[in-house]
Novice: 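Below is a structure I'd like to ask you about.
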Protein chains: 2
Amino acid sequence: MTDTRPAPDADAGQALDPQQLGAYFVLMEAVSLLQHQVEQQLRTEGDISYVQFQLLARLAHAPGHLTMTQLADGVVYSRSGLTYQAGLLEKAGLITRGPSPDDERATLVAITGNGRALLDSVLPGHIQVTRSLLFDPLTGDDLHHLGDIMTRVRDHMRTQPPRSAAPRKRRPSSTQA
Amino acid sequence: MTDTRPAPDADAGQALDPQQLGAYFVLMEAVSLLQHQVEQQLRTEGDISYVQFQLLARLAHAPGHLTMTQLADGVVYSRSGLTYQAGLLEKAGLITRGPSPDDERATLVAITGNGRALLDSVLPGHIQVTRSLLFDPLTGDDLHHLGDIMTRVRDHMRTQPPRSAAPRKRRPSSTQA
DNA sequence: TCACAGTGCTTTGAATTCGAACATATACGG
DNA sequence: CCGTATATGTTCGAATTCAAAGCACTGTGA
């Protein structure tokens, strides 16, 4: 990688290079296409949405229980939307919700055995779809670079804005961890 | 609590590398974050949604008129959803809809002067947001690679079945119910 | 202890989205 | 020229999403 990083900016605030705009638009378009296809597969094979899949996956990889806010934040989701989805998942027996022993207002969420089973049942198909659509036309080098790039972008954005509970406080400082 | 793990081996040995899964997840997460922020800016400065911005941008760059299907397909959108949005945009005086001289069932869409004006008014802010969130942490090399990678992915997916009019022609006969 | 601000989650209401069904228009085969 | 199948766009109903308002709990200072 030649360090072509331009000094901050020549003219911050004005037109972008065609290269920049093109990269941005094609990024959004490709992800949109991919997400639609993935949603199809998940709905067909497991009767769940992509959001529900993300929630289950996150819970499956979590050490123990998670609070609603932690879960919403991890999935890039509004808290009210999460309440709705958690209601559906609980009714379907895929997760459990219960009070926290430490904090009476918090709700702790965990995945159930059925939830894990469903996740395991859709995962192979999910992997197959992403493989054939995303990984197929890419080399290992591409993938490494893609992961590296998007990780930097993600980390950069995570430092900037508040997420799920936006206009409630000026700065979410130490949100604990 | 109790681990009722149903043997993780499941059926197949086509698990993805952690690198692949990581690249995939971080890609979706970063784009999701970016889209949320972009939507905020567009709503604040121009009172339009990201979808509406995409529609206007596409129409602005189109040579002449576009049909509804062409527009929906370009933006990765369902046709019924496009009908709804086109109604809003037309009512706001940002686009026009009219019949096609060649094909009586087609509807031709074009952007108006007001539409172009609105687009021009939100574009600087839009560019500024994407610059500060997406381009800032990337080098020119990164950007080139990103555009190249996503273009290949997009083209690969575009060769597969289309989006907006999926299950409409495929089974040529019998049981339609 | 009480008042008050801050945090966690849910409820509510409006907007948006999609798929299926519908109404027309076009293309094709007999 | 009919009859069937295909293409375009819209309407309809259901599901999902978000922001704002509301309720419940926590922690701090007086």
Side-chain angles (χ1 to χ4, degrees), chain A residues 32 35-36 39-40 43-44 47-52 54-55 65-73 75-91 97-109 162-176, chain B residues 32 35-37 39-40 43-44 47-52 54-55 65-73 75-91 97-109 162-177:
Chain A
S32 196
Q35 194 160 358
H36 272 285
E39 233 148 49
Q40 292 290 325
R43 179 62 64 188
T44 299
D47 200 39
I48 57 175
S49 66
Y50 183 62
V51 170
Q52 293 171 332
Q54 283 181 299
L55 294 175
H65 301 264
L66 292 178
T67 67
M68 296 289 278
T69 296
Q70 288 171 329
L71 194 52
D73 213 51
V75 176
V76 184
Y77 211 64
S78 74
R79 289 180 301 175
S80 55
L82 178 57
T83 296
Y84 174 76
Q85 287 296 342
L88 294 182
L89 291 175
E90 187 180 36
K91 200 184 314 182
R97 274 190 293 187
S100 168
D102 298 325
D103 195 332
E104 195 62 40
R105 61 209 153 142
T107 296
L108 293 185
V109 186
R163 263 306 312 147
S164 54
R168 234 165 142 163
K169 190 173 133 189
R170 195 79 60 179
R171 245 198 61 184
S173 47
S174 65
T175 320
Q176 193 275 328
Chain B
S32 197
Q35 194 160 357
H36 271 285
Q37 294 301 311
E39 232 148 50
Q40 293 290 326
R43 179 61 65 189
T44 298
D47 200 39
I48 57 175
S49 66
Y50 183 62
V51 171
Q52 293 171 331
Q54 283 181 299
L55 294 175
H65 301 265
L66 290 178
T67 67
M68 295 289 278
T69 295
Q70 287 172 329
L71 195 51
D73 210 52
V75 177
V76 186
Y77 210 64
S78 75
R79 288 181 302 178
S80 56
L82 178 57
T83 295
Y84 174 76
Q85 287 296 341
L88 294 182
L89 290 175
E90 187 180 35
K91 199 185 313 181
R97 274 189 293 187
S100 167
D102 299 324
D103 195 332
E104 193 62 40
R105 56 207 160 144
T107 296
L108 293 185
V109 186
R163 258 260 344 119
S164 57
R168 233 159 144 172
K169 72 170 215 186
R170 199 64 204 170
R171 306 290 303 275
S173 67
S174 61
T175 43
Q176 196 69 346

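Everything quoted here is computed from the prediction, not taken from an experiment.
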Novice: Whole angstrom is fine here: how far is it from CD in B/Glu90 over to P in D/dT10?
Specialist: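 In whole Å, D/dT10 P lies 9 Å from B/Glu90 CD.
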Novice: Looking at B/Thr83 and B/Met68, what are the two nearest heavy atoms and their distance?
Specialist: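 Looking at all heavy atoms of both residues, the closest pair is CA-CE, 3.9 Å.
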Novice: Indicate whether OP1 or OP2 belonging to C/dG19 is found under 4.0 Å from a side-chain N or O atom of A/Gln40.
Specialist: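 A/Gln40 to C/dG19 OP1/OP2: side-chain N or O found under 4.0 Å.
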Novice: Could you check how far CG of A/Leu71 sits from P of C/dT10, rounded to whole Å?
Specialist: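 Rounding to the nearest Å, CG of A/Leu71 and P of C/dT10 are 11 Å apart.
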Novice: Under 4.0 Å, heavy atoms only, any strand: does B/Gln70 hit a base, just the sugar-phosphate, or nothing?
Specialist: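 Answer is nothing: B/Gln70 stays at 4.0 Å or more from every strand.
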Novice: What closest approach, in Å, do A/Ala72 and A/Ser78 show between heavy atoms, and which atom pair accounts for it?
Specialist: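 The pair with the smallest heavy-atom distance is CB-O, 4.3 Å.
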Novice: Need one value for B/Thr107: base, sugar-phosphate or nothing, where a base atom within 4.0 Å counts as base even if backbone is also close, heavy atoms only.
Specialist: sugar-phosphate
Novice: OG of A/Ser100 to CD of A/Glu104: how many Å apart, nearest 0.5 Å?
Specialist: 8.0 Å
Novice: For the residue pair B/Thr67 and B/Leu108, establish whether any side-chain heavy-atom pair is separated by less than 4.5 Å.
Specialist: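 Heavy-atom side-chain distance check passes, below 4.5 Å.
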Novice: Find the distance A/Arg79:CZ to D/dA20:P and express it as a whole number of Å.
Specialist: 12 Å
Novice: Rounded to the nearest angstrom, tell me the gap between atom OH in B/Tyr50 and atom P in D/dC18.
Specialist: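 Distance check: B/Tyr50 OH to D/dC18 P gives 16 Å.
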Novice: So how far is it from B/Leu82 CG to B/Leu55 CG, rounded to the nearest 0.5 Å?
Specialist: 6.0 Å
Novice: Which pair of heavy atoms, one from A/Arg97 and one from A/Ala86, lies closest together, and at what distance?
Specialist: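 Answer, listing the atom of A/Arg97 first, then A/Ala86: NH1-CB, 3.9 Å.
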Novice: What is the distance, rounded to the nearest whole Å, between atom NZ of B/Lys91 and atom P of D/dT10?
Specialist: 14 Å
Novice: Give every pair of a protein N or O atom and an N or O atom of nucleotides 12-17 of chain D that lie under 3.5 Å apart, one pair per line with the distance.
Specialist:
residue	atom	partner	partner atom	Å
D/dT16	OP2	A/Tyr84	OH	2.6
D/dT17	OP1	A/Tyr77	OH	3.3
D/dT17	OP2	A/Tyr77	OH	2.5
D/dT17	OP2	A/Gln85	NE2	2.5
D/dT17	O5'	A/Tyr77	OH	3.0

Novice: Quick one: A/Glu39 CD to C/dC18 C1', roughly how many Å, whole number?
Specialist: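 My rounded result for the distance is 10 Å.
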Novice: For the OG1 atom of B/Thr44 and the CD atom of B/Glu39, what is their distance to the nearest 0.5 Å?
Specialist: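 One gets 11.0 Å once the value is rounded to the nearest 0.5 Å.
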Novice: Write down the distance between CE (A/Met68) and P (D/dA24), rounded to a whole number of angstrom.
Specialist: 17 Å
Novice: Verify the contact: side-chain N or O of A/Thr83 to OP1 or OP2 of C/dT11, cut-off strictly under 4.0 Å; return yes or no.
Specialist: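 The answer is no; no side-chain N or O of A/Thr83 sits under 4.0 Å from OP1 or OP2.
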Novice: For nucleotides 26-28 of chain D, print each protein N/O atom paired with a nucleotide N/O atom at under 3.5 Å, atom names and distance only.
Specialist:
residue	atom	partner	partner atom	Å
D/dT26	OP1	A/Glu104	N	3.1
D/dT26	O4'	A/Arg105	NH2	3.4

Novice: Could you pick out which residue, A/Ala86 or B/Leu82, lies toward the 5' side of DNA chain C when each is mapped onto its nearest nucleotide?
Specialist: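 Residue closer to the 5' terminus by nearest nucleotide: A/Ala86.
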Novice: Do B/Gln85 and B/Tyr77 have side chains that get closer than 4.5 Å, going by heavy atoms?
Specialist: yes
Novice: Measure CG/B/Leu108 against P/D/dA7 and give the value in whole Å, please.
Specialist: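 After rounding, the reported distance stands at 19 Å.
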Novice: Which atoms form the tightest heavy-atom contact between A/Gln52 and A/Asp47, and what is the distance?
Specialist: OE1-O, 4.4 Å
